[in-house]
Amino acid sequence: MISRRCCSKMPGNPCRALALALAALFAACSEVPATPAQAPAEMSAIAVPLGLPPMPYPAGNVPTAERVELGRKLFFDRRLSFNGTMSCGMCHVPDHGFTSNELRMSIGNEGATVRRNAPTVLNVGYHTSLFHDGRDRELETQAWGPFLANNEMANPSMGHVIDKLRSLPDYGGMFERAFGGRGPSADTVGQAIASYERSLVSGNSRFDRFRYGGDAGALSAQEQRGFAVFSGKGRCATCHLVGDTSALFSDFRFYNTGIGWVRGLPPSTVHVQLTPDYSTELTEKEILPISETVPNDVGRFEITLDPDDRWAYKTPTLRNVALTAPYMHDGSLSTLEEVVEFYDKGGAGAPEQSPLIVPLALSAEEKADLVSFLKTLNGEHETHVREGLQQSSYVSTGSHRY
Amino acid sequence: MKFTPIRASLISVAIAASFAVAIPANADETCNSPYTASLIKGQEDYVHVWTLGVKGMGDESDKLVTVDVNPASKDYGKVISSVTVGGRGEAHHTGFSDDRKYLWAGRLDDNKIFIFDIGTNPAKPKLVQTIADFTQKTGYVGPHTFYALPGRMMVQALSNDKDHGGRTGLVVYNNKGEFVEKYDMPTGKHGDVMADGYGYDIGINPQKNALLTSSFTGWNNYMMDFGKMVKDADAMKHFGNTMVMWDLKSMKPQKVMHVAGAPLEIRWSLKEGDNWAYTATALTSKLVLVKQDDKGEWQAKEVGTVGDPSKVPLPVDISITADAKGLWVNTFLDGTTRYFDISDPEAPKQVYQKVIGSHVNMVSQSWDGKRVYYTTSLLGNWDKKGADDEQFLKLFHWDGKALTEKFSLDFYKLKLGRAHHMKFSAKTVQAAALSDKPQMSLAQNR
């Protein structure tokens, strides 16, 4: 009955996968010129750290230094939201692991509810589909989602954003230099942001040095035991894949882990931690008068309308997972300990749950080992954080009076 | 996240210099800055209500609404002016310039600050200046409290432009609306207390050279649907748990005090020589006294409870009487106002309570305490929903024993929006302030 749930369809088609692989090859060794007319002056393939595969990119959008820089500026520019309060970087915060650590589900324009947790954009260039439900496949087009979403950056139209970019003097010439004379447009905005996102690689973690760098001492004995649980008894590597030469910790497929089902259950009382030392319980009835109607979320199903995809969400990468709390598509688990506990119990026990999620009977020690292993996956991306923060803390000093 | 270190700057010197000539009088209608000129000790003529625009209502924009409140006037209890500023940006608090001629009004979402001319004709406030680069100049988000200094305006922000969390700072403008200086709220360990870098209100006791600040939460929380936030255990971790005592002249933090559960409004006792202030904690429903101990060191201590803390009634605005013997405390979620006898500030006693509406936020009283005004809105996304979303301005008379309603203006029926911060004005300030000893003229900078 529900065995079909095991792995829903791979998004995308084989041709694209091949194209990506080809592009990836080029990225590793040499640059692929776009059309000669548009060949940018300076090109740079994205250097990939230990543990990551070559970074794929479409033939028409070589991630040159100019495009990456322009993309970074766009990504952190609050002026590109309708009321000037949101940038991509306000939800994908550089020193929060390019996500938001301080809230489970994002809020956007005028505080409007976004019903999902902001995923990290570190290593997002490797994803074969985007968003928790995989509703987009190209970074080039994905960016327009948040630019135009009412509850994110709330721009009334693409043209509105493009007009604004044309009018902002500090962008003068940047597009033209990055795109062989082409100015701001739906395409170039998407391409620049995509290039920046592809540049956000993060690898060479302690795990990478252990597994791919021949440094057996890079992981402690406990962490090594944790890796054994991860790839053995814990079955984590079934979906969070670890390859022979590189690892993305995701198969980019969609599974029902039961988290989405729990979210739809009738609410019980809510434990509210008011200060570190003081908490209370509130009933749903008490919370109702201050609550908007909570939006529903059926996951991948909303895109495919295939009943098998109800409450299925994309397997996220686990790289930098210690930096990207809270966890799952709704941020409902706050710590890695809670996540491991969740899997150990066999997920939430939803009727449609993936049969790959089963009770694990891990010992307390194995759980602790597993958590310690997950904490070895922090990669090196200090430069991205620094450059991002610099770009985001644009403080004009024009009329300081001293 | 990193902030630039506090600059030991020229401006501190400038502030110190201006204080040297300032002989602070008592504050006016009990909650304004002590540097605000022209107390209204008689009957106020107008109440200005900073009102949040609501989508689907009228022009959907924030506006400054002026209500005639003089019982002798033919327009008593009526809206006589409404100035739309355009768009919704989470209109919140306002504050007078030191000369009381200008009202600064802030928006917590899009960070715009509007300066209205109230002095020329208080019946018809006029928007004369808009500061749109608050965040670009400071890196802060959410200009909240507007507190007059001699010739200047101090602004407490709530958040920042890097992660929309609670780390923030204080900003000083001159009366021309020009940015002068900013000061990050302290972070890291101060004595035994971990400073959180959060901010909310400003309260100054000039005689003690004391600037007291409190702490709330960042944009991520104050803009979030209230119900959503209460259920978000990670969001709930990000409320302020500190108050900071600053040396006003040097603008250096002197002491960070642990006050858990989001201490909000600060009200100093206005009595000459008194050395204490009150605040209420929103999440833990405590009244907190900040007072100098025998050694002259500032200490914060819990002295009372508001309602049943386990139900999170959410104390919001408080208002102290001019003689510092009474304190109004509003609790938002049960729509109730409570009067505490604080003749002994160490032992507040609740002596009266009344339900004002389905929810209630602000309370402002006249100097003599006889008239008490209430408005409803706390934050656009925190106000109650559906039928419980009442929005009004109500006037009550207080005879020392009970509140009697005099008028109620339904801001939704009038298609105005959510009624929030109130400030009083008088036709001719001099006439209203007759009984007051003339204040030092501190407004030379304008």
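Predicted, not measured: the structure shown is a model, and the values here were computed from it. In what follows, every chain begins at residue 1, and chains take the letters A, B, ... in the order their sequences are listed.
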Chemist: Roughly how far, to the nearest 0.5 Å, is OG of A:Ser392 from CG of B:Asp161?
Modeler: 6.5 Å
Chemist: Using non-hydrogen atoms only, which part of B:His238 is less than 4.5 Å away from chain A: side chain, backbone, both, or neither?
Modeler: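 Side chain only.
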Chemist: Taking all non-hydrogen atoms of both residues into account, name the closest pair between B:Gly227 and A:Ser291 and its distance.
Modeler: CA-OG, 3.2 Å
Chemist: Using non-hydrogen atoms and a 4.5 Å limit, figure out which bit of A:Leu274 sits close to chain B: side chain, backbone, both or neither.
Modeler: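 Contact with chain B is through both the backbone and side chain of A:Leu274.
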Chemist: Heavy-atom distances under 4.5 Å only: say whether B:Leu333 touches chain A with side chain, backbone, both or neither.
Modeler: side chain
Chemist: Which distance, rounded to the nearest 0.5 Å, do you find between the NZ of B:Lys286 and the OH of A:Tyr278?
Modeler: 6.5 Å
Chemist: Once you round to the nearest 0.5 Å, how far does CZ of A:Arg78 lie from OG1 of B:Thr135?
Modeler: 5.5 Å
Chemist: Do you know which of B:Ala387, B:Ala132, B:Pro309, B:Gly87 has the most heavy-atom pairs with chain A at a distance under 4.5 angstrom?
Modeler: B:Pro309
Chemist: Do you know which of B:Asp109, B:Asp383, B:Asp110 has the most heavy-atom pairs with chain A at a distance under 4.5 angstrom?
Modeler: B:Asp109
Chemist: Counting C-beta onward and ignoring hydrogens, is there a side-chain heavy-atom pair between A:Met90 and B:Lys162 closer than 4.5 Å?
Modeler: no
Chemist: I'd like to verify something: which residue of B:Ser310, B:Gly386, B:Ala260 has the highest number of heavy-atom pairs under 4.5 Å with chain A?
Modeler: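 Ranked by heavy-atom pairs under 4.5 Å with chain A, first place is B:Ser310.
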Chemist: Are B:Lys385 and A:Glu292 within salt-bridge range, i.e. N to O under 4.0 Å?
Modeler: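 Answer for the salt bridge query: no.
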Chemist: Taking C-beta and beyond as the side chain, do A:Pro289 and B:Asp389 meet within less than 4.5 Å on heavy atoms?
Modeler: no
Chemist: Nearest 0.5 angstrom please: B:Asp163 CG to A:His92 NE2, how far?
Modeler: 14.5 Å
Chemist: Less than 4.5 Å to any heavy atom of chain B: does that hold for the side chain of A:Pro276, its backbone, both, or neither?
Modeler: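 The side chain, not the backbone.
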Chemist: Is it the side chain or the backbone of A:Ser106 that comes within 4.5 Å of chain B heavy atoms, both, or neither?
Modeler: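 For A:Ser106, backbone heavy atoms alone lie under 4.5 Å from chain B.
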Chemist: Pick from A:Gly331, A:Gly84, A:Pro326, A:Cys91: which one has the most heavy-atom pairs with chain B under 4.5 Å?
Modeler: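 Ranked by heavy-atom pairs under 4.5 Å with chain B, first place is A:Pro326.
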Chemist: Has the side chain of B:Asn381 got a donor or acceptor atom that lies under 3.5 Å from a matching backbone atom of A:Glu110?
Modeler: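 Pair found, side chain donor or acceptor close to backbone of A:Glu110.
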Chemist: With only heavy atoms counted, which part of B:Asn111 is less than 4.5 Å from chain A, the side chain, the backbone, both or neither?
Modeler: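 Interface part for B:Asn111: side chain.
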Chemist: Who wins among A:Asn83, A:Ile107, A:Thr280 for the most heavy-atom pairs under 4.5 Å with chain B?
Modeler: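 Ranked by heavy-atom pairs under 4.5 Å with chain B, first place is A:Ile107.
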Chemist: Tell me, out of A:Ile287, A:Leu288, A:Asn109, A:Asp330, who's got the most heavy-atom pairs with chain B below 4.5 Å.
Modeler: A:Ile287
Chemist: Under 4.5 Å, heavy atom to heavy atom, which residues of residues 229-237 of chain B contact chain A?
Modeler: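 Interface residues of residues 229-237 of chain B: B:Val230, B:Lys231, B:Asp232, B:Ala233, B:Asp234, B:Ala235, B:Met236, B:Lys237.
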Chemist: Give, for atom CG of B:Asp388 and atom CD1 of A:Ile290, the distance between the pair rounded to the nearest 0.5 Å.
Modeler: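 Separation between the atoms: 11.0 Å.
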Chemist: Would you give the length of the straight line joining atom CG of A:Leu103 to atom CG of B:Asn220, rounded to the nearest 0.5 angstrom?
Modeler: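 The CG atom of A:Leu103 sits 4.5 Å away from the CG atom of B:Asn220.
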